[in-house]
Amino acid sequence: MLATPKKFTVMAGAAEGPTRLNAFDNALLAAGIGNVNLLRVSSILPPQAIEVPEVAIAPGSLVPIAYGTITSEEPGELIAAAVAIGIGSPDEYGVIMEFSGRCSQEEAARTVEEMARAAFVQRNRPLERVIVRAVEHRVSQIGCAFAAVALWY
Amino acid sequence: MLATPKKFTVMAGAAEGPTRLNAFDNALLAAGIGNVNLLRVSSILPPQAIEVPEVAIAPGSLVPIAYGTITSEEPGELIAAAVAIGIGSPDEYGVIMEFSGRCSQEEAARTVEEMARAAFVQRNRPLERVIVRAVEHRVSQIGCAFAAVALWY
Amino acid sequence: MLATPKKFTVMAGAAEGPTRLNAFDNALLAAGIGNVNLLRVSSILPPQAIEVPEVAIAPGSLVPIAYGTITSEEPGELIAAAVAIGIGSPDEYGVIMEFSGRCSQEEAARTVEEMARAAFVQRNRPLERVIVRAVEHRVSQIGCAFAAVALWY
């Protein structure tokens with residue numbers, strides 16, 4: 001089987017770039033995750049995973065990651081991305097939610113936190129805390145906002 | 001290398017939710033796959049993989065999965081998702097096809113089965129059987145339909 | 001952890017098909033990667049990875065892959081997909097960029113090469129060479145163009 005991640009890092013970043021994909025690449029660099037291979041997942045925090053402030057992993061590694069992102073080519077537009085992790089008992093899994101939109105960081109953070117709370121209500125499980133990370137970006141030419149929970153080893 | 005999956009489980013589910021992502025999350029729960037990390041793949045059934053009725057795997061695990069899904073915020077709309085697995089000789093790989101649309105379960109099932117048949121015609125291989133699973137959902141506020149083939153170990 | 005790929009193969013292909021997903025499936029077959037499970041990544045070439053002309057791996061295997069693709073149902077339309085790998089020192093990681101659009105192969109190749117160059121400028125790293133692969137396709141009914149860098153073992 002594929003090894004279950006044991007560590008997690010919450011991050012966010014935003015940037016401009018000469019193309020949409022370069023803006024995304026630059027937002028990854030701003031978030032500190034630009035030089036690995038992102039494997040996007042839908043998106044559960046493994047039981048007993050430990051939070052680590054930064055991803056310390058070799059370049060080119062395969063890194064499972066849950067993320068929200070938005071790219072805009074509308075100069076002056078405010079964009080935001082956010083992630084939330086709902087956590088109950090530390091021995092049980094958590095639920096990761098992602099959000100992005102044409103809004104402020106504050107609105108993105110509030111929305112994604114409600115989403116994580118709803119996921120716990122749906123599972124009928126007690127929620128102990130919610131970790132939230134969000135970023136906003138005012139587009140100059142081509143901008144990208146990115147928020148993520150990397151799951152690693 | 002990454003281990004090749006040895007088991008597969010076919011599933012479908014549908015649900016409402018307070019946001020689009022929560023509706024998707026709730027559809028995953030309805031399908032029985034809500035508490036693992038989905039790694040979306042395009043989409044081959046490994047040779048000699050064995051069908052198992054339910055995914056029995058620890059929460060937070062990384063699970064390769066082929067899926068079709070649709071989310072709608074149009075009250076009253078009928079949505080459907082379907083998957084098909086074309087299977088020839090059990091010693092050879094199968095082909096998984098996914099479909100979703102604004103249609104009935106019956107239409108989704110018929111469409112996705114034709115897609116699997118076409119994949120075998122294209123490969124010039126004899127088709128022995130097609131496994132199909134589909135689900136439909138009448139949207140109340142925000143609804144999601146989800147059909148999948150999970151590939152596990 | 002998940003093993004870091006040690007080989008890479010650059011490929012491109014295009015095809016028609018009876019549905020959008022079948023056209024994609026047929027483009028994968030044309031590119032030589034139709035019978036494995038694609039795990040899409042964002043997209044770094046691991047350090048010291050070795051280029052191999054064709055992917056020699058068992059059917060159903062999980063294959064990390066960076067790709068650009070476009071599917072069109074507009075008869076007569078010209079579509080193209082391209083990938084580029086920016087490479088500096090062979091001991092360091094490279095950066096993979098993907099592009100697709102309604103344009104010629106030549107334009108797609110030029111665009112994606114510029115994207116890889118921009119990724120190196122952003123990282124303030126010297127670029128030694130860029131590998132580019134592109135394909136174009138004139139749509140008959142439903143056509144797909146696909147270009148990729150498969151990362152394997």
Side-chain angles (χ1 to χ4, degrees), chain A residues 1-8 37-49 62-68 82-101 108 110-125 149-153, chain B residues 1-9 11 13-42 46 49 52 55-69 71 73 141-144 146 148 150-153:
Chain A
M1 57 176 295
L2 304 176
T4 300
K6 301 190 176 319
K7 298 176 182 169
F8 70 99
N37 277 303
L38 307 186
L39 276 176
R40 196 173 194 175
V41 297
S42 305
S43 49
I44 295 293
L45 185 72
Q48 300 178 303
L62 299 173
V63 179
I65 189 165
Y67 63 82
V83 286
I85 314 176
I87 297 178
S89 160
D91 290 343
E92 295 191 10
Y93 68 88
V95 180
I96 305 171
M97 286 281 161
E98 313 91 32
F99 177 82
S100 64
R110 192 171 53 235
T111 301
V112 81
E113 181 175 338
E114 284 168 11
M115 292 164 68
R117 291 185 182 280
F120 268 68
V121 169
Q122 184 74 22
R123 286 168 173 81
N124 199 22
R125 284 185 49 200
V149 182
L151 304 171
W152 51 293
Y153 297 95
Chain B
M1 58 175 295
L2 305 176
T4 300
K6 301 189 177 317
K7 297 176 183 168
F8 71 101
T9 299
M11 68 191 69
E16 295 280 311
T19 71
R20 295 178 68 90
L21 184 55
N22 285 107
F24 177 71
D25 183 42
N26 294 346
L28 297 184
L29 289 168
I33 196 84
N35 297 326
V36 297
N37 277 303
L38 307 186
L39 274 177
R40 196 174 194 173
V41 297
S42 305
V52 176
V55 177
I57 197 165
S61 299
L62 299 173
V63 179
I65 188 165
Y67 63 82
T69 189
T71 303
E73 303 183 44
Q141 298 294 328
I142 304 176
C144 176
F146 170 86
L151 304 171
W152 50 293
Y153 298 94

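Here is the naming used below: chain letters follow the sequence lines, and residue numbers restart at 1 for every chain.
Only the side chain of A:L62 comes within contact range of chain B, with heavy atoms under 4.5 Å apart. Neither the backbone nor the side chain of A:E114 comes within contact range of chain B; no heavy atom of the residue lies under 4.5 Å from a heavy atom of that chain. Proximity to chain A is limited to the side chain of B:T19, based on heavy atoms less than 4.5 angstrom apart.
Residue with the most contacts toward chain A among B:N35, B:N26, B:L29, B:L2: B:N35 (heavy-atom pairs, distance under 4.5 Å). Interface check for chain A: of the options B:P59, B:A15, B:A3, the most heavy-atom pairs under 4.5 Å are formed by B:P59. Chain A forms the most heavy-atom pairs under 4.5 Å with one residue out of B:D25, B:T4, B:I65, and that residue is B:D25. Counting heavy-atom pairs closer than 4.5 Å to chain A, the top-ranked of the candidates B:G17, B:A58, B:P5, B:G60 is B:G60. The candidate with the highest count of non-hydrogen atom pairs below 4.5 Å against chain A, out of B:L38, B:L39, B:L28, is B:L38.
Remark: B:R20 CZ to A:F99 CZ distance equals 11.5 Å, nearest 0.5 Å. With values rounded to the nearest 0.5 angstrom, A:R123 atom CZ is found 11.5 Å from A:E92 atom CD. Between A:I87 atom CD1 and A:F120 atom CZ the span is 7.5 Å, to the nearest 0.5 Å.
Between B:Y67 and B:F24, the ring planes lie tilted relative to each other; the angle falls in the 30° to 60° range.
Closest heavy-atom contact between B:P18 and B:I142: O-CD1, 3.5 Å. Nearest heavy-atom pair, B:V36 versus B:S61, reported as atom, atom and distance to 0.1 Å: CB-O, 3.5 Å.
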